[in-house]
Every structure is written in structure tokens, then in C-alpha cells.
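Take a look at the structure below.
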Amino acid sequence: MHTPIHHLSSIETATRWSTILDNLETGQGHYAVIRRKTTTMELVPLHIHDLFRNTLGEPETTPVHIRRPALTRVDWTTVTDPHIALDANIARLELSAIQTRVRVGGLHVTVLRHTRPVAVCIPNRWATRARETLAHAAQQAREQHTQRT
């Protein structure tokens, strides 16, 4: 399950957005987005989001697709769902606002390319909790295996 994590600034993320989505779509790593020396969110492939969600025992949620005309800003005061979906071009335009809502409010944002989900923006602390849970489960499995042999 080891997938390399690439750390990028907010500006690098916006600049390399298309390449990042290509890499996420093909499973070639995932990304931690940093602003002012703090990881604000992670961009992960769909299967990693599902793995983390299952690990934490959270129910599957269908993201609410917020449709916007190209280059039209999102009215964030109307966003109340915990998991939304945005077209890739809107997500790039709204990257700063997404980072804030993911970091502070725990929002999950599925990024769509031509209506196809390719990645999810998730809170760093949520991902860390999932990784710790997975590591603990792996450690317990190793200990049980050692006790049996």
C-alpha cells in the first residue's frame, strides 16, 4: 500500500494541477498540500480514500456535485454537505478555499474530470488517523503471526 507522498506548496499545486491529476488517476503517488509550513490537505486517489474511509469505519457517502459554469466561483456559504464533488477546472480555481474548508471543516472534495472522479481532497488529520489505524492493525497481525509460529 506504500504510495509516495509528494509535498507541494499551494502555488505548486495550482501550477501543476493537470499533471497532479494525471498522476493520481494512474496511481502514481499522492500529494500533501502545504501552506505556511502546515499541511492543509492531501490529494489522494479514489482507492486510497476508500481504504481510509473503510479503515476508520465511516459510511460511504456520495459526494454532492456542485455544478458551476466554467470559471465561476463557488458560493461557499451554501455548501453544507460533508463530501462534495467539483469539476477539475473549478477545483483548481477554488483551491485556496478548498484547502481552508478541508483543513478547518473536515470537508472531502472529490475532483472530477469529464464527470469521472479521479481524486479526493481530504483533511490531513483524517488521513493521519487512518494511517495510524492501519499501522496498528498491521502490528497486531504481525504479533499474532509471531505468537502462532
Side-chain angles (χ1 to χ4, degrees), residues 1-139 141:
M1 184 205 96
H2 182 67
T3 306
I5 299 174
H6 307 282
H7 293 82
L8 299 172
S9 71
S10 300
I11 293 170
E12 289 174 306
T13 303
T15 304
R16 297 179 51 204
W17 187 244
S18 184
T19 302
I20 289 168
L21 293 181
D22 290 343
N23 291 341
L24 289 165
E25 195 168 12
T26 58
Q28 298 175 13
H30 79 258
Y31 297 83
V33 182
I34 300 167
R35 182 194 286 170
R36 296 186 190 109
K37 299 181 183 178
T38 301
T39 301
T40 57
M41 69 178 184
E42 295 186 29
L43 282 154
V44 299
L46 295 172
H47 71 278
I48 296 293
H49 179 261
D50 291 342
L51 172 68
F52 286 178
R53 182 184 43 73
N54 290 334
T55 297
L56 295 172
E58 295 183 1
E60 184 173 353
T61 57
T62 302
V64 175
H65 188 181
I66 298 178
R67 291 175 171 76
R68 308 290 318 146
L71 304 178
T72 303
R73 309 244 17 151
V74 173
D75 178 2
W76 289 100
T77 61
T78 64
V79 176
T80 57
D81 296 288
H83 190 175
I84 64 170
L86 290 173
D87 295 322
N89 62 338
I90 300 299
R92 183 184 176 281
L93 179 70
E94 292 286 350
L95 200 52
S96 180
I98 289 170
Q99 288 177 67
T100 300
R101 278 146 188 89
V102 167
R103 182 179 56 82
V104 175
L107 180 67
H108 292 220
V109 180
T110 296
V111 179
L112 307 171
R113 271 188 164 170
H114 309 290
T115 71
R116 186 180 73 259
V118 295
V120 185
C121 304
I122 58 174
N124 181 56
R125 66 182 174 278
W126 186 79
T128 300
R129 199 171 82 230
R131 283 190 200 91
E132 290 169 351
T133 302
L134 285 167
H136 180 70
Q139 179 63 31

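Quantities reported herein were computed from a predicted structural model and do not represent experimental measurements. Numbers here simply count residues along the sequence, with the first being 1.
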- Item | Derivation of the salt bridge (charged side-chain N to carboxylate O under 4.0 Å, His left out) call for Arg131 and Glu42 | CA-CA 13 Å; Arg131 283 190 200 91; Glu42 295 186 29; 2.5 Å; yes
- Task: Under the side-chain contact (heavy atoms from CB on, under 4.5 Å) rule, what do Ile84 and Leu107 come out as? Steps first, then yes or no, please.
- Result: CA-CA 8 Å; Ile84 64 170; Leu107 180 67; 4.1 Å; yes
- Could you go through the ring-ring contact (aromatic ring centres under 6.0 Å, His included) check for His47 and His30 one step at a time? CA-CA 11 Å; His47 71 278; His30 79 258; 9.4 Å; no
- Please assess His49 against His83 for the test side-chain contact (heavy atoms from CB on, under 4.5 Å), listing each intermediate value before the final yes or no. CA-CA 12 Å; His49 179 261; His83 190 175; 3.9 Å; yes
- Message: Pair Ile122, Val44 - check side-chain contact (heavy atoms from CB on, under 4.5 Å), show working.
- Response: CA-CA 8 Å; Ile122 58 174; Val44 299; 3.9 Å; yes
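Here the CD atom belonging to Glu60 is positioned 6.5 Å from the CG atom belonging to Asp50, to the nearest 0.5 angstrom. Between Ser9 atom OG and Arg16 atom CZ the span is 9.5 Å, to the nearest 0.5 Å. Put simply, CE on Met41 and OG1 on Thr100 are 9.5 Å apart, with the number rounded to the nearest 0.5 Å.
The shortest side-chain heavy-atom distance between Leu46 and Pro117 falls under the 4.5 Å cut-off. Taking the side chain as every heavy atom from C-beta outward, Ile34 and Leu8 never approach each other to under 4.5 Å. At least one side-chain heavy atom of Ser10 sits under 4.5 Å from a side-chain heavy atom of Val33. In this structure, Tyr31 and Leu24 have side chains that are in contact, with non-hydrogen atoms separated by less than 4.5 Å. Between Arg113 and Leu21 there is a side-chain heavy-atom pair separated by less than 4.5 Å. Contact check for Thr13 versus Ile20: side-chain heavy atoms found under the 4.5 Å cut-off. For the pair Val79/Ile66, a side-chain contact is recorded, criterion being any heavy-atom separation below 4.5 Å from C-beta on.
Considering every non-hydrogen atom in both Arg103 and Thr40, the closest pair reads CB-O, 3.3 Å. Across Val102 and Pro123, no two heavy atoms sit closer than the pair CG1-N, 3.3 Å.
For Thr55, the side chain to side chain contact (heavy atoms under 4.5 Å, CB included) partners two or more places apart in sequence, or in a different chain, are Leu51, Thr133, Leu134. The side chain to side chain contact (heavy atoms under 4.5 Å, CB included) search around Glu58 returns Arg53, Leu56, Trp126, Arg129, not counting sequence neighbours. For Thr15, the side chain to side chain contact (heavy atoms under 4.5 Å, CB included) partners are Ile11, not counting sequence neighbours. When the side chain to side chain contact (heavy atoms under 4.5 Å, CB included) test is applied to Thr80, no partner is found at least two apart in sequence or on another chain. Under the rule for a ring pair (Phe, Tyr, Trp, His ring centres under 6.0 Å), Trp17 has no partner lying at least two apart in sequence or in another chain.
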Mind listing the side-chain donor-acceptor pairs of residues 85-98 below 3.5 Å, one per line with the distance, residues two or more places apart or on another chain?
{"residue": "Asp87", "atom": "OD1", "partner": "His65", "partner atom": "NE2", "Å": "3.4"}
{"residue": "Arg92", "atom": "NE", "partner": "Ala14", "partner atom": "O", "Å": "2.9"}
{"residue": "Arg92", "atom": "NH2", "partner": "Ala14", "partner atom": "O", "Å": "3.4"}
{"residue": "Glu94", "atom": "OE1", "partner": "Trp76", "partner atom": "NE1", "Å": "2.9"}
{"residue": "Glu94", "atom": "OE2", "partner": "Arg73", "partner atom": "NE", "Å": "3.3"}
{"residue": "Glu94", "atom": "OE2", "partner": "Val74", "partner atom": "N", "Å": "2.7"}
{"residue": "Ser96", "atom": "OG", "partner": "Arg35", "partner atom": "NH2", "Å": "2.8"}

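Other residues, nucleotides and ligands place more than 12 heavy atoms under 6.0 Å from the CZ atom of Arg116.
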